Amino acid sequence: MTIPVWLVVFLVIFAAIGVLDRVLAPSVRWFFRRKLNTAIDELNNRLDLRIQPFRLTRKQTLVDQLMYDQQVIAAAEKEASTKNTPISVVMAKAERYAKEIVPSFSPFAYFGFGTRLARMLSQFIYRVQLGYSDDESLKSITQDSSVIFVMNHRSNMDYILVTYMASARASLSYAVGEWARIWGLQNVIRALGAYFIRRGSNNDLYRKVLARYVSMATKEGVTQAMFPEGGLSRDGTLGPPKLGLLSYMVADFDPKTSKDVVFIPVGINYDRVMEDRILTRKREEEFTGRSFRVGFGSIMRFVGNAILLRLQGRLYSYGSACVSFGKPVSLSTWSKDNGLNLDALTDKQRHAAIEKLGSDLLTEIARIIPVLPVAVTARVFLNAGDTLLSELELKSLIFKEMSELENSGAHLHIPREDRDYAASMGLRMLTLRHLVETTSEGLYKANPNEQVLLEYYANSIAHLRGKAD
């Protein structure tokens, strides 16, 4: 019997593939798995908060866990019954939601690429500073606790800045909105451990899948980061708490049987927020009639100008970015102090309890938000109104404001520990951006056309002193 040459070649190729798959591939996989486990052990020895096994679980395995979750199945059955749709169709939809939400965390991507890029970008734009930090309390957090960093939301740089500042302590898992679901970028974000959410979704099945993932991650001790306000501040003030994610995180908490959930308050402030004009454009249009629009061209000009100024050593108009870490809030202790057992409350009582928890967390965040020179200077100019001020008078008012803030318990960040330098820096930054006008006699006053932006920066410390007069 004669066998064609092409068939012999075909059989040899398949035989070689079979040998590779059955003999060599397992050895190679074992080798790389051992290398990965060794690297993770080294990371865990260095980090204050260990990387939990749940984060290292394959994405498909986590998706399968969600699909077999009894609450997800019950929600799918309810939708199938309500909409008269086959259960298989609804379960397929739930699986799409699960695949959309669940991340694909890679320790190498996070620590080898993510944190380095975060540090480079943060230091490229700002003078990054650590403000207040309650180190003793932070060190007292036990390894078996589920830790959640809760922070105010000033800028999209918050993700990058806090990732960099917390990189020595932990790897953080963020909830990221649909803005980041761009081809290519979303794969990078998933590898960095973030999970995607559809903000404002009213789909009950989607909300249940999201709730169960967040609850599972919290129960398994994944270190997370969230913004209780839900979105970016449009006027510089702290917004009211949004309770969605928070309620998912504490959904299964039982003080008697659950591991403790510990919230770490994080306060963030900037001398200049990159997207300040975008955030305030609605108020700007109402106040002055001017309309600020942003497009691809303006973004490219902004990036190009920033790079040019940095290369020339003149990128000082962004000033400082400062992050403070406050005293941890233990959910077990908080429940006990408030006489609440979250697992035994009615739905109405539970909502009220979570609302109080969100409010208490925002109070702790507000207490540690750093006071920066631009915010103090903006507040002084707003209080002065149309009054012309000499540099000496201005600095006297700034020093007085700083002292009163300090006496009220606020955490001031004073560059170089020099108040005169801090006042000069705040004045220079506002003058460079034309938020403050200078007369031919060398006197200063607030630019009346830029009141919205001045209020935006002054409002970042309004909770500490009240709104500017």
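Everything numeric here is computed off the predicted structure, so don't read it as measured data. Note that the numbering runs from 1 along the sequence shown for the chain.
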What side-chain donor-acceptor pairs closer than 3.5 Å can you find for residues 408-416, not counting sequence neighbours?
from   : atom 1 : to     : atom 2 : distance (Å)
Ser408 : OG     : Leu405 : O      : 2.7

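Without hydrogens or angle criteria, Asp271 side chain to Val374 main chain gives a donor-acceptor distance under 3.5 Å. Proximity of a side-chain donor or acceptor of Arg207 to a complementary backbone N or O of Gly244 within less than 3.5 Å is not detected. Panel note: side chain Asp260, backbone Ser332; a donor-acceptor pair is recorded below 3.5 Å. A donor-acceptor pair is defined here as one N or O able to donate and one able to accept, closer than 3.5 Å; such a pair exists between the side chain of Tyr126 and the backbone of Arg272. Side-chain N or O atoms of Arg190 include one that pairs as donor or acceptor with a backbone N or O of Glu100 at under 3.5 Å. Remark: side-chain polar atoms of Ser145 are not paired, donor with acceptor, to backbone N or O of Val147 under 3.5 angstrom. Put simply, the side chain of Ser335 never gets that close to the backbone of Thr333: no donor and acceptor are under 3.5 Å apart.
The side-chain hydrogen bond (donor to acceptor under 3.5 Å, both in side chains) search around Lys219 returns none, not counting sequence neighbours. Residues meeting the side-chain hydrogen bond (donor to acceptor under 3.5 Å, both in side chains) test with Ser173, sequence neighbours left out: none.
For Tyr213 and Tyr195, the ring centers are positioned less than 6.0 Å apart.
Between Asp64 and Arg58, no side-chain nitrogen of the basic residue sits less than 4.0 Å from a carboxylate oxygen of the acidic one, so the salt-bridge criterion is not met. Note on Glu220 versus Arg55: no salt bridge recorded, every NZ/NE/NH1/NH2 to OD/OE distance being 4.0 Å or above. Taking the charged nitrogens against the carboxylate oxygens, Asp144 and Lys259 have no contact shorter than 4.0 Å, which rules out a salt bridge. Salt bridge Arg277/Glu450: present, at least one basic N to carboxylate O contact under 4.0 Å.
A cation-pi geometry, defined here as NZ or CZ lying under 6.0 Å from the six-membered ring centre and within 45° of its normal, holds between Arg169 and Phe325. By the 6.0 Å and 45° rule, Arg154 does not stack over the aromatic ring of Tyr270.
Between the side chains of Asn152 and Glu229, no donor-acceptor pair is found at a separation under 3.5 Å. Inspection of the Glu275 and Ser155 side chains reveals an N or O donor paired with an N or O acceptor under 3.5 Å. The closest side-chain donor-acceptor pair between Ser137 and Ser140, if any, does not fall under 3.5 angstrom. For Thr237 and Asn459, the side-chain atoms include no donor-acceptor pair closer than 3.5 Å. Side chain to side chain, Tyr457 and Asp276 meet the donor-acceptor criterion of an N or O pair below 3.5 Å.
Annotation for Ile354 and Leu246: closest pair O-CD2, 4.0 Å, computed over non-hydrogen atoms.
Using a 30° and 60° split on the angle between ring planes, Tyr159 and Phe227 fall in the perpendicular class, above 60°.
Other residues, nucleotides and ligands place more than 12 heavy atoms under 6.0 Å from the NZ atom of Lys59.
Two residues are said to be in side-chain contact when any heavy atoms from C-beta on lie closer than 4.5 Å; Trp334 and Lys356 meet this criterion.
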